[in-house]
Each structure stands twice: as C-alpha cells, then as structure tokens.
Amino acid sequence: MFLPHELIIEILLRLPVKSLLRFKSVCKLWFSLISHDPHFANSHFQLSSATPNRRILLISYKTHESLSIDFEASLDDDSASVPLNLDYMFLEDSTNFEVTGSCRGFVLIRGSLNIYLWNPTTGVHKQIPLSPFGSKYGSNLDDNYFYGFGYDHSTEDYLVVLMSYHYSDEPTLHLEYFSLKANTWKQVEGPHFPYSSEIEPTGGLLYKGAIHWLAYRDDLRSDVIVAFDLMERKLSYMHLPHDSDGDPLQCGGLWVYGEYLSVYTMNDTDDKVEIWVMKEYKVNSSWTLVLTIDLSVCPNMAFSPLCCTKSGDIIGAGERDRLVKYDKNGQFLELHSYPKYDLIWKMTMYINSLLSLPGDGDNKQA
C-alpha cells in the first residue's frame with residue numbers, strides 16, 4: 001500500500017526514539033531522515049517533550065563503564081538497563097572526571113584534559129575546546145570551578161558555562177561561557193560577587209532557563225543558590241531555607257522535585273533526609289518542607305535524591321554502588337546494587353532525543 005511521504009514522516013515523528021533508531025535500517029531515505037535531518041529531530045523532540053523518556057546515566061569512576069536505566073521500571077528489572085560505550089571519549093588514563101548536567105538529551109562530561117557533550121541515545125559527541133581566558137582547571141589546586149550546560153531558546157544556542165573562583169592576594173571570580181553556535185568562549189563582564197565551594201568542580205542544575213549551583217558567598221558568610229540566566233547572561237542568587245533558629249540549613253544538593261526547585265538536607269544525628277521546595281521561584285519566603293525520609297528503616301544509611309517517577313516515587317544514590325527508591329510519602333521501596341560501578345560512580349538524569357549540536361560537521365558518532 002502506498003503512503004505519501006508526508007504521512008510517513010508524521011507517523012515516524014510520533015514513535016519513540018528507541019524504535020526510530022531501529023528503523024534507520026529500513027531504507028536509505030529513513031536512515032537519512034532519522035540520522036541527519038535536524039528539522040525532523042527538532043520536530044520529534046517538540047512532540048515528545050510533553051512525555052519524555054527519561055533515564056538515569058551511571059558511569060563508573062574507575063573503569064568508565066556506563067549504564068542507562070529506565071527509572072520508570074523496577075530497579076530490579078535488568079531489562080530496563082542498557083550498557084553504553086564511552087571508550088571513544090575517554091582517551092586519557094585519568095579517573096578525574098565529572099558528569100555536570102544534561103540538557104535536551106545531551107550530557108556534559110568534564111575530564112581532566114577534555115570537555116565533551118554527548119548524546120547517550122545516538123552516540124553523537126563533540127569535544128569542547130578549553131577556555132583561553134586563564135581559568136583553566138588545574139591551574140591552581142585551591143581554585144573552585146562551577147560548570148553548567150543549558151540551552152538559550154531565544155537564540156537556539158547551547159551554552160557551556162564556567163564560573164571560577166581564584167584564590168590569590170585579591171580573590172577573583174571569572175564568569176564565561178562557550179557558545180556552540182559561535183564556536184567560541186566569551187567572558188561575562190561586570191561585578192561578580194565572590195562565590196566559592198568547598199568541593200570542586202561543581203556541576204550545575206538546569207531549571208527555568210538558568211543554571212543553579214550551591215555556593216558559599218564570602219561577603220554574606222553564608223551558603224546560597226547561585227543562578228546564571230542563559231538568556232540574560234547574568235548572575236543572581238537566592239537564600240537557602242532556614243531552620244527554627246533562623247540559620248540557613250546545611251544543604252546536601254539541588255534537584256527538581258516535581259515542578260519545583262528543591263534542596264535536600266542530611267541530618268546525621270537522626271538519620272533523616274529533609275526535602276524542601278521553593279513553591280514560588282526566587283521568592284525566599286516560599287521555601288516549604290514537604291517530605292522527611294527516615295533512613296533508619298532501610299539497609300542503606302545514605303540518600304541523595306535525583307529524580308521522580310511519574311507516580312511520584314523518588315530515586316537517588318545510596319551508599320557504595322546502590323540506587324534507592326522511596327515512595328511519595330517517604331516509605332522505602334527498593335534497593336539495587338550495581339557492582340560493576342565500584343564504590344564511586346557519577347550519575348545524572350537525561351532524556352532520549354535524536355538531536356544533534358550546532359556545527360554538524362564537528363559532531364562525531366560512535
């Protein structure tokens with residue numbers, strides 16, 4: 001039966017990425033459409049964005065073995081986990097790398113010598129050149145580095161952001177970003193307050209068109225949330241929630257809980273994790289404690305939340321090589337180990353997409 005080409009495209013646009021990757025083998029026309037047509041990939045992304053296929057990426061700190069996990073399935077369902085290939089990216093011997101965020105299906109991986117953008121679904125990857133402005137990581141062991149990755153919808157441009165705090169006689173903060181459209185690093189001028197971190201490098205959380213980091217602001221002598229607006233290209237900050245005595249809480253990290261910017265705290269004295277959400281973005285008085293998770297009922301005395309399932313279950317990192325799942329009421333559900341990932345592994349959440357990056361000629365595919 002003959003189908004018009006336009007109708008075939010409309011049908012393909014509504015299929016999941018996993019199916020489309022298989023259908024590249026049907027004919028040359030479909031291969032070209034699915035693999036190389038940026039308009040098709042963008043249209044598919046727009047149609048699927050309402051119900052994206054979200055996955056967890058695990059990368060072993062020592063061996064660089066990587067695993068993609070469909071977290072809507074049970075953690076014990078091995079069929080929901082797919083091994084991925086990173087050998088072509090990590091040509092260096094160092095185990096010093098960070099997974100510092102994801103956007104539109106791409107993951108930012110910072111090695112000790114390289115920066116990569118990688119689409120785990122298609123294998124497309126691109127190496128980002130190091131910044132020429134003197135804030136290269138490794139120049140000073142005491143320096144702090146904050147990395148982030150996002151998309152500016154107003155210019156349809158991907159940005160890799162680097163905020164670096166340099167200790168010297170006069171401590172300074174540099175802010176710069178790499179534009180994939182322009183294929184160059186650019187500095188952000190203006191007065192930048194001295195933000196630093198005890199742990200570096202620090203990856204940023206993408207939320208509402210801005211990259212967010214937990215940082216210490218020297219002049220306020222307090223931890224805050226720093227936000228870099230990808231469209232306006234400027235920094236702002238927000239205060240953390242306060243305890244009953246009016247002091248800022250010691251937060252373990254940032255994440256997105258439902259539709260809200262969220263922080264979590266770890267209380268070592270009573271083995272509990274508290275989850276706070278900012279009900280109204282950038283309104284400090286809207287911080288609300290929404291959930292307390294009791295870790296003592298689980299054979300795993302640590303938890304760093306990462307994502308939520310469609311039913312509201314919360315999945316995060318436990319001790320050693322484990323992922324843990326709690327329900328929306330904080331009750332323990334599942335614990336699963338990934339022994340190939342040793343004692344230390346990096347993780348992030350990403351979505352399946354067919355998208356490529358600006359400058360298709362520079363994109364490589366495994």
Taking [Y] as the starting point, is it possible to reach [X] by hopping between hydrophobic residues whose side chains are less than 4.5 Å apart?
X	Y	result
L3	L20	yes
I293	L333	no
V290	V283	no
I11	F31	no

Taking atom [atom1] of [X] and atom [atom2] of [Y], what is their separation to the nearest 0.5 Å?
X	Y	atom1	atom2	value
H44	I9	NE2	CD1	13.0 Å
L67	L323	CG	CG	9.0 Å
I109	Q127	CD1	CD	12.0 Å
F23	L15	CZ	CG	6.0 Å
R322	L75	CZ	CG	13.0 Å
I69	S81	CD1	OG	4.5 Å

Exercise for review: State yes or no: are the ring centers of F303 and Y326 separated by less than 6.0 Å?
Suggested key: yes
Point to revise | Check: H125 ring centroid to F106 ring centroid under 6.0 Å | key: no
Indicate the atoms forming the closest heavy-atom contact of [X] with [Y], along with that distance.
X	Y	result
M349	C307	SD-CB, 3.3 Å
S311	K328	O-CD, 4.1 Å
S102	T348	OG-OG1, 4.2 Å
C251	L240	SG-CD2, 4.0 Å
S35	K24	OG-CD, 2.8 Å
M231	S154	CG-OG, 3.3 Å

Check your understanding: So does E156 have more than 12 non-hydrogen atoms from other groups sitting under 6.0 Å from CD?
Key -> no
Practice item. May I have the step-by-step check of side-chain contact (heavy atoms from CB on, under 4.5 Å) for I351 and F45, ending in yes or no? Key: CA-CA 10 Å; I351 61 176; F45 182 80; 3.4 Å; yes
Do [X] and [Y] have side-chain heavy atoms sitting under 4.5 Å apart?
X	Y	result
V161	V188	no
H153	L230	no
I34	F40	yes
S353	T121	no
L254	W213	no
L117	V160	yes
Y147	Y145	yes
L159	I211	no

Exercise for review: Dump the intermediate steps for side-chain contact (heavy atoms from CB on, under 4.5 Å) on Y350 and N119, then the final yes or no.
Suggested key: CA-CA 9 Å; Y350 73 98; N119 184 329; 5.7 Å; no
Review point. Would you say the side chains of S74 and E334 form a donor-acceptor pair under 3.5 Å?
Key: yes
Point to revise | Side-chain H-bond candidate by donor/acceptor type, Y116 with R110, under 3.5 Å | key: no
Practice item. Check W287, Y257, W255 against S262 for a side-chain hydrogen bond (donor to acceptor under 3.5 Å, both in side chains) and give me the one that passes. Key: W255
Check your understanding: Going through the distances and angles, do L58 and I56 end up as a side-chain contact (heavy atoms from CB on, under 4.5 Å)?
Key -> CA-CA 7 Å; L58 297 183; I56 294 175; 4.1 Å; yes
Exercise for review: Write out all pairs satisfying side chain to side chain donor-acceptor pair (under 3.5 Å) with one or both partners inside residues 8-22, taking only residues at least two apart or from two chains.
Suggested key: E10-R14
Per-pair distances, 0.1 Å, donor-acceptor, side chain in residues 274-282, under 3.5 Å, sequence neighbours excluded:
residue : atom : partner : partner atom : Å
E274    : OE1  : W276    : NE1          : 3.4
Y281    : OH   : H212    : NE2          : 2.6

Practice item. Give the C-alpha distance, both sets of side-chain angles, the deciding distance and a yes or no for side-chain contact (heavy atoms from CB on, under 4.5 Å) between T265 and V273. Key: CA-CA 6 Å; T265 66; V273 169; 5.9 Å; no
Review point. Under the salt bridge (Lys or Arg N to Asp or Glu O under 4.0 Å) test, which residues partner R54, sequence neighbours left out?
Key: E72
Point to revise | Those residues that, when tested against R217, pass salt bridge (Lys or Arg N to Asp or Glu O under 4.0 Å) (two or more places apart) | key: D219
Exercise for review: Could you go through the side chain to side chain donor-acceptor pair (under 3.5 Å) check for S68 and R55 one step at a time?
Suggested key: CA-CA 6 Å; S68 175; R55 304 184 69 87; 2.5 Å; yes
Practice item. Could you name each residue pair satisfying salt bridge (Lys or Arg N to Asp or Glu O under 4.0 Å) that touches residues 222-239, not counting sequence neighbours? Key: D152-R233, E232-K234
Point to revise | Pair S179-D157, side chain to side chain donor-acceptor pair (under 3.5 Å): steps then yes or no | key: CA-CA 7 Å; S179 163; D157 192 11; 2.5 Å; yes
Review point. Short question: side chain of D37, backbone of H39 - any donor-acceptor pair under 3.5 Å?
Key: yes
Practice item. Sorted by first residue and then second, give each ring-ring contact (aromatic ring centres under 6.0 Å, His included) pair with at least one member in residues 216-254; sequence neighbours left out. Key: Y237-H239
Exercise for review: Begin from the C-alpha positions of E98 and K346 and carry the test salt bridge (charged side-chain N to carboxylate O under 4.0 Å, His left out) through to its verdict.
Suggested key: CA-CA 7 Å; E98 295 289 332; K346 310 295 183 181; 3.4 Å; yes
